[in-house]
Amino acid sequence: MKRIIAISFALFMLLNLIGCAKDDNSSIKIGVLLPLTGAMAKFGEMEKNSFELARIEINAAGGVKGRDLVFVYEDDTGKPDVGRMGMEKLITVDKVPMITGGYSSSVTFAAAQVAQKYRVPFLVNTGSVDKITEPESFDLKISDADKFYIYRLNPPVSEYASGLEGFLKNLASVETAIIFHENTTFGTNGAKAFAISCERLGIEVFEIDSYTEGTVDFKPLLLKVKEQKPDLVYMISYVMDAALLMKQSKELRLSPKLFVGAGAGYTMPAYRENAGIASEKTISATLWHQSLPVPGATDYYNAYIAKYDDKSPPDYHGVEAYAAAYVVKDAIERAQDFKSASIKTALDGTDMMTAFGPVKFIAYDAKINQNKMETYVVQWINGNLELIWPKHLAKVEAVYPIDWNAEWK
Amino acid sequence: METFVQTLVSGILIGGLYAIIGIGMTLIMGVLNIINLAHGQILMLSMYITWVLWTYFGIDPYIAIFITIPIVFFIAEGISKFLLHPLMGKDSILPENQVLMTVGIGMVLVELARVIFSSDYKSVQTSYTNKSWYLGTISFNTPLTIAFIISIIMTVGLFLFLTKTDTGRSVRATAQDKSAAALMGISTGKITVLTYGLGSALDAAAGSLLLPIYYLYPDVGPLFTVKAFVITILGGLGSTVGAIFGGLILGLAETFGATYISMGYRDAIGLIIFLLVLVFFPGGLKRFTKV
Amino acid sequence: MSILKIDNLTKRFGGLTAVDHVSLEVNEGEILGLIGPNGSGKTTIFNLINSYYPVSSGTITFNGHDITHMPTNRIAKLGIGRTFQVVKPLKRLSVIENIMVGAFAREKTFSGARKVATEVLEFCHLDGVAKMKAGSLPIAGRKRLEIAKALATRPLLLLLDETAAGLNPTELVQAISIIKNIRTELGITIVIVEHIMRVIMTISDRIHAIAQGATIAEGTPAEVSVDPATIAAYLGSDFKAENRPDA
Amino acid sequence: MKKYLLLEKREWIILGGAALAPWIFGFSPYFQGLLILVLMWVVLGNSWNLLAGYTGQVSFGHAAFFGIGAYAAAIPYHHFKISPWWGLLTGGLAAVILGYFLGKLVFRLRGPYFALGTLASGEILRLLFGEEEWLTNGHNGILYMTTFISKIPYYYLILFIAMGSLVAVKVIMKSKLGFYFLSIREDQEAAEALGIDTTKYKNIALAISSFFAGLAGAFYMIYMGFVDPEVVFALHNISILTILVGIIGGVGTIWGPAVGALIMVFIQELFRSSFFGVGPQWVSQLHSLVFGALVVVMILYLAGGVVGDWDIIRKKFGKKRVEGQG
């Protein structure tokens, strides 16, 4: 018994020692919350790679205020509760003054609350549900910008399709649509947002239908397309579901005028890999494309491929992470010290150009600390993801109308 | 009408796949009288074996069946012999100890897969993965059709094994009444170990058949574990013919439910039928088929 | 006055009639022996009395209550205790705890149940093994524990199902004395099923003999033992197995 | 051992230690968070243990009660901004009501069928709560800005609930109710013959069990400030983990779930954090693997759990020491 007490006492002391983070003057630690294992690990990995790419570049160029930038990664495993615990650990154990990352909408939203509670700035770079930057969801008012610690680099999901809206406006022949979405926060909200877009465009939405991630057989869902014959099928899915949806659409020989994805899975290389020829000529909303005339976009794209894998090139998720790293660097450099409050003040004044596009946190509608930006449209043409909208930036002409029978031969 | 027929076809095809997953479970549940909560994980294991064989050795998943079956059979025999069988005679407060053991085994299998293969999605792209054939306007997914045919063949084979061979008869006798079987000189210990291997081997075949249709990640299993025990209860414990019908019923109920009620309730429909059968029609289809 | 009245009791399992229009009465304070060859339906009658099986037809009346379709636990509460041929000790509980479970049928408190249990322990000569786990008792102890559990519920009527089977001669003598004491000291009416003729003939006041589910004879032990129908039933195929002196 | 107000001296010492624990750990909110998690699992483990370990009804669907408790706290907040703290009153109650109806269904089943029935019930509720968006906000979940930044109030709240569940189980197991539960676990037929209405007492066990599971769920909502059906109705992460906590600690023992919860949370966290950052990074991938392996080894060699088989463990430990001296 005595021995057990002694051992546990020793263990407690050890824990206490580890619990006290050492103050280190040679580096600055920033927390990153990402799904590194679990269903969304593919995205997490791409973002982590991009954070590392940026970190190496930044440190090679002299670091931040003479210190080395260090990212402390915390795996949220794609689960909101784990994400919240990870946030707490970053704040209380690693004692980071700022956190970035945040992949899935539900995890990011749940985790943002922890950052807000502890008053640690959280720069969201992917989580897209609108309410993340709406102070109302955190019991704050729109005028409470000085108390609001959540910032977002990427546009909210309601604006994902803004580029798409312009694209569809030009195609007078699209009059009806069906919307399929995974039953997640991202999916439900994306579907609602697109239904509103359709209303603006005068497109009649026949049906909004949800499915569970990991469904084996989508045919009951897709048969609705066969029956109701909409012009457009809009789908909000992650990679594997996206691939199966298209494979089974091909199998059922569906022939709407357009298959449109809402970003997420539909721009990933793994989508093309799995859906094969069924992915050909599908269209997707996107937040970025490497051919955009944004300084550093192509450089990032090439650097990523050179450093990691030429078979899985990065899409907008990667560049969001890459850009977030530079926004972090910029803010810390302008901050008076390394404290959370100072970094927040610096973030308020952010106005810079990144490989993702211009970044400036503004207040509009119900949101504050939100970066507002344009979105784009891409299409898989001959196995490559090509930018097709806006027209003045596109190097490739959109393929439309599409003869699915010929494409899917 | 076309929607109806296409729904019917999809339901039957997916039901065939469910059936073969369910047959393994029904054997195990019938003879060992435990719920094998590692069933989906065994399926996952065989999918990884099939994936490795395809990716690194270029072996077609349908040929890989002949390799995954013996590998999984021996692994399952080991699990059964060293982890499940020793618990049989042991006195424990909860008779469900073996069930809980399968939970532990399942966890270990998933986490091993995660350590070895990471959480990434894997899939195989063969020449036929994206193929389908048509009868008029009705489409039949080719890999699903093949899976359906193979699962029918395997069930017939299993049925013959259970009714025509001595070992098979011993398995059935053990399933019906363990103590009576032991009195008749059947080594029930050996039979239970064998049955776990056999049930898992069927599961392994299902894994190889599933891979070209679906995709693979360490947590793929539980979805199919649940399907398997729904089928087992629908078809009646230990009934192979019942499992075939149970699989088809589940496939059809899910597909029709998804088409005509709501896709979101797809998985719930199976579970609700399951609970109703469990409570109000114990014995399932076995009441009618008797085998 | 009869405490238990069974009227035209019938039980069918599918096509098989296990109990066929049996009628019998048990008088208060007596010991009634129920005899019959293997599979003649003795245990089935017990299982019908305390509602383990639903009755196919006929009625069972206990102490003025119609208990034909009453759930088992309510019948026990009314005052019918029983033992099982295949003993059912609560294995992981100690002997005294087993008996306490029975005692709680009439006692609300822990101490009350414990007091009753202690008395029953002594009565059944189990006081030496009170703390032992019921699962590790030898067979004689388990048989006595069956009686003790039932006694602790303070029954008016006790159904004893083969409580003497598998005991050695010394244990047998002890068992017989316990059964006799139950009636004399506690005044509990007993119906007993037993294979060992020597036991049943010595302790029963009356005997009710059945074969293939139907009554074949009734009367004092002396009357029944010379009854031609009884002899025929026992001299049938079951004769050797049933009537060996030690069986 | 002398009784001091329901508990033994040793148990009071443990409770005293638990009351001081947040300070012993250097006041780190991170470790306080872990302790809160341990205590939450103690409540869940106790709840399950009463039904499964003591009454023999092995539930594979305890997430149903946990989840309904969490939503009982969350739904009024979502619709009417009623504080989730009321969940401490409504959570347990909602779970008892659910248990009442579920009991009518699943208590018709025995053994493995009961396990399957409860498992399916939990899964159906998970799908239902994900789908019925008008009521539950679906997969968006329900978020609430938690009341305190400090973990201390939560710690003492859950310590109080955990202590309550422990004392409740202890008192029950010394009463008629406890004896009846045990007899149902040991032999339902024998119990019926002794005048025990097994259905009624199984329902009582379920009601008490679901009450504490619901309370734990409501606490989860108050403390985490977030619920979503995949989290609170999770088959593996709640239902099965609850069982494993019971198994590791010791089924049918008073302190088993507490010991099991402590082992489960700390082993998982020890590995997940790569031995609190001391070990190499890859160790963190092993956290579930190690726990799974522990479950397998425990069931194989120590089916009674750490508490139930403490004598065996002590004997082995003692032997080693003798060898060491020799």
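Order of the sequence lines fixes the chain letters, A, B, ..., with proteins taken first and strands second; residue numbering starts at 1 for each chain. Just so you know, these numbers come straight off a predicted model, no measurement behind them.
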Item to check | Selection residues 86-109 of chain C - residue pairs positive for ring pair (Phe, Tyr, Trp, His ring centres under 6.0 Å), sequence neighbours left out | outcome: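 As it turns out, the ring pair (Phe, Tyr, Trp, His ring centres under 6.0 Å) pairs with a partner in residues 86-109 of chain C, which skip direct neighbours, are C:F104-D:F179.
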Closest approach of [X] and [Y], non-hydrogen atoms and distance?
X      : Y      : value
C:L90  : D:S183 : CD1-CB, 3.7 Å
C:R82  : D:A193 : CG-CB, 4.2 Å
C:N73  : D:I196 : CB-O, 3.2 Å
D:E186 : C:K91  : OE1-N, 3.1 Å

Next on the checklist: Rounded to the nearest 0.5 Å, what separates atom CD in D:Q188 from atom NZ in C:K88?
Outcome noted: 10.5 Å
Item to check | C:E97 side, atom CD; D:L182 side, atom CG - distance, nearest 0.5 Å | outcome: 7.5 Å
Item to check | For C:D7, salt bridge (charged side-chain N to carboxylate O under 4.0 Å, His left out) partners two or more places apart | outcome: none
Item to check | Structural part of C:E146 lying under 4.5 Å from a heavy atom of chain D | outcome: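 It is neither, since no heavy atom gets under 4.5 Å.
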Checklist entry - Residue by residue, which of residues 113-135 of chain C have a heavy atom closer than 4.5 Å to a heavy atom belonging to chain D? => result none
Checklist entry - What residues of residues 55-72 of chain C sit under 4.5 Å from chain D when you count only heavy atoms? => result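 If one takes a 4.5 Å heavy-atom cut-off, the residues of residues 55-72 of chain C near chain D are C:T72.
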Item to check | Within 6.0 Å of OH in D:Y301, more than 12 heavy atoms from elsewhere | outcome: no
Checklist entry - Under 4.5 Å between any side-chain heavy atoms of D:R185 and C:R92, yes or no? => result yes
Checklist entry - For chain D, which of C:Y52, C:F84, C:F110 has the most heavy-atom pairs under 4.5 Å? => result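 So the answer, after comparing C:Y52, C:F84, C:F110, is C:Y52.
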